[in-house]
*Asks:* 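I'd like to ask some things about the structure below.
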Amino acid sequence: GVEQLLQAGAILESRTSTGSTALMLAAQAGELPTVERLLQAGASVNSDTALHTPLHLAATFGHVSVVELLLQSGAKIDARQIAGENQGATALWKASNAGHLAVVETLLQPLPPSNPHYRYGREHLEIACSSGEQNGRTALHQAAQQGHLLVLARLITAKANIEAQCADAEHKPGMYRALSLASYKGHGAAVRMLLAAGADRRPDGVSPEKVARDYNRPEVLAVISAFS
């Protein structure tokens, strides 16, 4: 086990062929005792590859207890993916994309005093909700496009910008808001939630009605019509 390896002098920051450290692998697997022991032994909580940090991995796979421990241990909540398709993504972005409400809730809470970023108070919340990846897609965009209603509701409550624009993940032309992304995917309940929150049904960029017509989403058109 990890204790035997540490006693045998294992190098904490050794990397696999893909660049992962032992802490990253443990965070991805949700192995809380292993994560705790590695941190106690001095593993870098903010070690990274081009694609992720330990916090990114724990958030992606929904391991809320590991997320909590990493934050208590000084993980950078605004660390970004530095390469790849979702370059610029934060842990909140990844948790929202995957629909992990408990992780989203944890990431939206004030940072624990043990985290060196604690001094920023609730500034991290604004950063997390407004930060998008390289195409401008925020956590809210991802929750809307994936149809994760509980996550979407929580982000709306956290005052995420429902009118933020982004390029579409599938590289269709035009700029999209969360409402149009939800329309494109046929998520009528998400469309209803965004409209109830005040989303503009006739925005600049790609309109939700056009998307719904183009992709044959009659349920979405009915929802939009009801808000006319």
Side-chain angles (χ1 to χ4, degrees), residues 2 5-6 10-120 122-143 151 155 158 160:
V2 67
L5 290 172
L6 291 172
I11 300 173
L12 285 171
E13 301 306 319
S14 293
R15 302 214 174 215
T16 67
S17 60
T18 59
S20 293
T21 63
L23 182 60
M24 291 178 194
L25 295 174
Q28 178 174 333
E31 296 176 356
L32 183 61
T34 302
V35 170
E36 186 171 20
R37 183 65 186 95
L38 289 167
L39 290 170
Q40 289 171 350
S44 173
V45 70
N46 289 309
S47 58
D48 63 6
T49 69
L51 299 178
H52 49 243
T53 66
L55 184 63
H56 283 141
L57 288 165
T60 298
F61 289 93
H63 303 310
V64 65
S65 296
V66 174
V67 168
E68 291 170 348
L69 177 58
L70 292 171
L71 291 174
Q72 291 164 9
S73 301
K76 295 178 181 177
I77 197 167
D78 58 347
R80 295 172 179 270
Q81 179 177 324
I82 60 177
E85 182 180 357
N86 299 319
Q87 181 179 341
T90 62
L92 180 65
W93 190 101
K94 289 174 178 286
S96 299
N97 183 58
H100 297 310
L101 179 62
V103 174
V104 168
E105 185 64 50
T106 297
L107 292 168
L108 291 178
Q109 296 306 307
L111 292 170
S114 57
N115 190 299
H117 304 285
Y118 173 73
R119 65 184 181 277
Y120 296 135
R122 293 189 63 77
E123 180 181 334
H124 84 277
L125 177 58
E126 181 178 347
I127 292 170
C129 282
S130 63
S131 294
E133 47 71 86
Q134 62 183 342
N135 294 311
R137 289 179 291 138
T138 66
L140 184 84
H141 287 128
Q142 295 310 112
V151 171
L155 292 171

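Small disclaimer: the values here were computed from a predicted structure and weren't measured. Below, all heavy atoms of this structure are taken into account, side chains as well, without hydrogens, waters or symmetry copies.
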*Asks:* Within a strict 4.5 Å, meaning less than it, do heavy atoms of the Ser44 and Thr21 side chains meet?
*Replies:* no
*Asks:* So Leu71 and Leu107, do their side chains get closer than 4.5 Å, heavy atoms only?
*Replies:* yes
*Asks:* Could you walk me through whether Leu155 and Leu92 pass the side-chain contact (heavy atoms from CB on, under 4.5 Å) check?
*Replies:* CA-CA 10 Å; Leu155 292 171; Leu92 180 65; 4.2 Å; yes
*Asks:* Minimum heavy-atom separation for Lys94 and Ala89, please, with both atom names.
*Replies:* CE-CB, 4.2 Å
*Asks:* Report the distance from atom CD of Gln72 to atom CD of Glu36, rounding to the nearest 0.5 Å.
*Replies:* 9.5 Å
*Asks:* Answer whether the closest heavy-atom distance between the side chains of Val45 and Leu39 falls below 4.5 Å.
*Replies:* yes
*Asks:* For a side-chain contact (heavy atoms from CB on, under 4.5 Å) check, start with the C-alpha distance between Ser20 and His52, then their side-chain angles and the critical distance, and finish with the verdict.
*Replies:* CA-CA 9 Å; Ser20 293; His52 49 243; 3.8 Å; yes
*Asks:* Could you check whether any side-chain N or O of Asn46 sits under 3.5 Å from a backbone N or O of Gly74, counting only pairs where one atom can act as donor and the other as acceptor?
*Replies:* yes
*Asks:* Distance check, rounded to the nearest 0.5 Å: Leu55 atom CG versus Ser47 atom OG?
*Replies:* 11.0 Å
*Asks:* Nearest heavy-atom pair of Ala91 and Ala59: which atoms, and what distance?
*Replies:* O-CB, 3.6 Å
*Asks:* Closest approach of Thr49 and Gly19, non-hydrogen atoms and distance?
*Replies:* CG2-O, 3.2 Å
*Asks:* Write down the atom of Ala27, the atom of Val35, and the distance for their closest heavy-atom approach.
*Replies:* N-CG2, 3.7 Å
*Asks:* Let me confirm one number: the CG-OG1 distance from Leu70 to Thr106, rounded to the nearest 0.5 Å.
*Replies:* 11.5 Å
*Asks:* Is there a side-chain contact (heavy atoms from CB on, under 4.5 Å) between Arg137 and Trp93 once you walk through the steps?
*Replies:* CA-CA 9 Å; Arg137 289 179 291 138; Trp93 190 101; 3.8 Å; yes
*Asks:* Should Thr18 and Leu51 count as side-chain neighbours, where that means a heavy-atom distance under 4.5 Å?
*Replies:* no
*Asks:* I would like to know whether His100 and Val64 meet side-chain contact (heavy atoms from CB on, under 4.5 Å); could you show each step before the answer?
*Replies:* CA-CA 9 Å; His100 297 310; Val64 65; over 6 Å; no
*Asks:* In the structure I gave you, are the side-chain heavy atoms of Thr53 and Lys76 within less than 4.5 Å of one another anywhere?
*Replies:* no
*Asks:* With rounding to the nearest 0.5 angstrom, report the CD to CG distance, Glu31 to Leu25.
*Replies:* 8.5 Å
*Asks:* Any side-chain to backbone donor/acceptor pair from His56 onto Asp48? Under 3.5 Å, distance only.
*Replies:* no
*Asks:* Nearest heavy-atom pair of Ala98 and Thr60: which atoms, and what distance?
*Replies:* CB-O, 3.6 Å
